[in-house]
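The structure follows.
The chain is numbered in sequence order, starting from 1. Because only heavy atoms are used, hydrogens play no part in the values below, and waters and symmetry mates are left out as well, while side chains stay in.
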Amino acid sequence: MAADKEKGDISQIQQREVEETQSNPYIVDWYSTTDPENPRNWSLAKRCFVTFDICLLTFSIYIGSAIYAPGIPDISEKFGISTVAASLGITLFVLGYGTGPMFLSPLSEIPQFGRTSVYIVSLLIFVLLQIPTALSKNLGALLPLRFLAGFVGSPALATGGASLVDMWTDEWRAVVIGLWGLAAVAGPVLGPVVGGFAVQAEGWTWTIWILMWLSGASFVFLAFFLPETSSQALLYRRAVRIRALTGDSRFKSMGEIEGENMTMGEIVQMTIVRPFVLGFTEPIVAFWNVYIALVYGILYIFIESFNVVFVEMHGFNLAENGLAFLGLFVGVVITYAFFIVYAVRILKPKFNNGVENFVPEERLPVAIVGGVLLPISLFMFGWTSSPSIPWIVPIIASALFSSGTFLLFQAGLNYLPDCYPRYVASVLAGNDLFRSTVGAAFPVFSTAFFHNLGVGPACSILGGVAVLMLPFPVILYKYGARIRARSKYTN
């Protein structure tokens, strides 16, 4: 019933859009398909530069989750609490950037705001929150601030991909989303590298000060050099200029008209209700939400195992343990290099017959490869972590692990928008909430998990879960088209 009602509300909005377009000759649109103000018509250099901006923004926020990790033992000692309690700083940060998009990302779709203003304002608040965080003297002060930091930083993580889609056509989406994914992975991976050296030299507070300096520098740079990419926002600003020049208030953009005609109930349906409706009624969305949530949870518990393996078993100090995370980064970089070749040589030609004829399931072969790499890497990492085996072997296993997770995330970030082109924001916001909620819980019990079972058996359990998940992308690759044919939302 909820799904039918929501679908009815959407249909009414679409019908009103058509009626407005037909009856209103004063609608402000692009002047032509080659309009230079349209982000998709920007020069290649400008689009590449703005893509760099989005990657920098994403990295500056995402590093905030894992840069905290090396400081957990120091927080535990100075606050007189358990390491489990101290690890809640990661849990709440992840939970914050999982729930934030449900409330903040829709703001970027409002023409009067656009994407850039939401990014800049939220980044400024994120920077300022690091000051009281670093000055916190107890867990009661620290944890709410970590949650708020993740919450206000979430628009970059949830909407960054939409900014890239604003500029790049569908055939190039896999390449640029892959680059954005590389920046997103670099944050949690390089965070422990920086944090390890900081904690060893000055204590846990310096992980937060470094985060403030990095995000603050990004804020200053992006405040000057990040242009607006949202077509709705750009056309609204054009309409405002035309109204000012002509004195005629009838000139309006389509996004402006749509916003004026929407009721509060319709806004709630589109921003809050729809992600849950799609997540629970659409088999493709539900399948992928569960799969990526489990992968995300395994990723976070896997990252937490490094302290057990390399510090406790191999005798690394905090700085050296941070360097061990570079294996994850190297694995992603190498995988992305091969992924570019795949995207350009194999995926891009499939758009030659038109975007409307592209089959979304063509995005999934890389997910099948990633799904196979996941259990292989977990079994290898678990049973080569012994001090009698050179430390480089589990680091190689970690590179395979990051390769697998990267391919799975890239498949999902491209497959879901292809399946639900009109509801991209809702589908990705729901996916972000689902995976972050699951991922946030795993660091709480990860250390006890590896201590009680041992690294080998613990990783074998995770590998077994990964084996059970192997059929997911295969089923979608084989039967996804049939499932989409029965959907009310995939058209």
Side-chain angles (χ1 to χ4, degrees), residues 2-4 6-8 10-11 14 161-162 164-165 168-178 181 274-296 339 341-374 404-432 434-435 466-491:
D4 291 338
E6 206 264 351
K7 182 65 176 179
I10 302 295
S11 299
Q14 293 172 344
L164 298 179
V165 172
W168 299 92
T169 53
D170 289 351
E171 59 264 35
W172 289 106
R173 189 203 305 154
V175 174
V176 294
I177 292 293
R274 188 197 293 163
F276 290 100
V277 170
L278 290 170
F280 288 103
T281 64
E282 287 294 297
I284 289 176
V285 181
F287 256 58
W288 206 257
N289 282 354
V290 171
Y291 190 36
I292 293 300
L294 289 172
V295 171
Y296 208 62
F339 184 76
V341 176
Y342 167 79
V344 174
R345 286 284 195 81
I346 298 177
L347 273 183
K348 188 173 178 289
K350 295 181 185 295
F351 287 89
N352 290 342
N353 294 326
V355 173
E356 66 278 2
N357 294 318
F358 177 77
V359 180
E361 283 68 34
E362 296 288 350
R363 304 278 192 186
L364 294 178
V366 293
I368 297 172
V369 175
V372 172
L373 287 175
L374 215 60
T405 55
F406 177 80
L407 292 175
L408 286 165
F409 276 104
Q410 291 315 302
L413 287 172
N414 287 285
Y415 178 59
L416 290 177
D418 283 340
C419 291
Y420 303 89
R422 188 169 176 83
Y423 311 113
V424 174
S426 296
V427 170
L428 295 183
N431 183 263
D432 191 35
F434 202 85
R435 74 170 188 258
V467 169
L468 293 176
M469 296 191 304
L470 279 174
F472 277 48
V474 177
I475 291 172
L476 289 179
Y477 181 71
K478 191 171 182 179
Y479 300 106
R482 298 183 194 177
I483 297 172
R484 286 188 291 108
R486 298 187 180 96
S487 172
K488 298 178 181 180
Y489 296 91
T490 56
N491 194 329

If I compare all heavy atoms of Ala343 with all of Ala174, which pair ends up nearest, and what's the gap?
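Closest pair (atom of Ala343, atom of Ala174, distance): CB-CB, 4.0 Å.
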Residue list, side chain to side chain donor-acceptor pair (under 3.5 Å) with Asp418, at least two apart or on another chain
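Result, side chain to side chain donor-acceptor pair (under 3.5 Å) vs Asp418: Arg173, Arg363.
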Trp172: partners by side chain to side chain donor-acceptor pair (under 3.5 Å), with sequence neighbours left out |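 Side chain to side chain donor-acceptor pair (under 3.5 Å) list for Trp172, sorted by chain: empty.
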Sequence neighbours left out, what passes side chain to side chain contact (heavy atoms under 4.5 Å, CB included) with Asn289? Give chain and number order.
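If we apply the side chain to side chain contact (heavy atoms under 4.5 Å, CB included) test to Asn289, skipping adjacent residues, the hits are Val285, Asn431, Phe434.
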| field | Any Glu282 side-chain heavy atom under 4.5 Å of Tyr420 side chain | value |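 Glu282 reaches Tyr420 side chain to side chain.
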- Please round to the nearest 0.5 Å and tell me the distance separating atom NZ of Lys348 and atom CG of Asp170.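 So the gap between those two atoms works out to 12.0 Å.
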Can you give me every donor-acceptor pair (side chain of residues 410-417, partner residue at least two apart or in another chain, under 3.5 Å) with its distance?
residue, atom, partner, partner atom, Å
Gln410, OE1, Gly178, N, 3.2
Asn414, ND2, Gln410, O, 2.8
Tyr415, OH, Glu361, OE2, 2.7

Roughly how far, to the nearest 0.5 Å, is CD1 of Ile475 from CD1 of Ile483?
->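 Here the interatomic distance stands at 8.0 Å.
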*asked:* I need the minimum non-hydrogen distance between Gly161 and Ile177, along with the two atoms involved.
replied: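 Smallest interatomic distance, heavy atoms only, reads CA-CD1, 4.0 Å.
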Query raised in the report: What residues form a salt bridge (Lys or Arg N to Asp or Glu O under 4.0 Å) with Lys350, not counting sequence neighbours?
Result: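 Lys350: salt bridge (Lys or Arg N to Asp or Glu O under 4.0 Å) contacts with Glu362.
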Exercise for review: Can you sort out the partners of Arg482 under side chain to side chain contact (heavy atoms under 4.5 Å, CB included), two or more places apart, ordered by chain and number?
Suggested key: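 If we apply the side chain to side chain contact (heavy atoms under 4.5 Å, CB included) test to Arg482, skipping adjacent residues, the hits are Tyr479, Arg486.
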Just how far is it from atom CG of Leu407 to atom CG of Leu364, taken to the nearest 0.5 Å?
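Rounded to the nearest 0.5 Å, the CG-CG separation comes out at 12.0 Å.
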| said: Test of understanding: with side chain to side chain contact (heavy atoms under 4.5 Å, CB included), list the residues that count as partners of Pro365, not counting sequence neighbours. | reply: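 So Pro365 forms a side chain to side chain contact (heavy atoms under 4.5 Å, CB included) with Tyr342, Tyr477.
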### Task
Applying side chain to side chain contact (heavy atoms under 4.5 Å, CB included), name anything that partners Tyr291, two or more places apart in sequence or on another chain.
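With sequence neighbours excluded, Tyr291 shows a side chain to side chain contact (heavy atoms under 4.5 Å, CB included) to Trp288, Val295, Leu408, Met469, Phe472, Pro473, given in chain and number order.
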Hey, what do you get for CG (Asp432) to CD1 (Ile292), rounding to the nearest 0.5 Å?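 Separation between the atoms: 11.5 Å.
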Problem set entry | Note, Phe358 side chain near Leu347 side chain (heavy atom, < 4.5 Å) |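 Heavy-atom side-chain distance check passes, below 4.5 Å.
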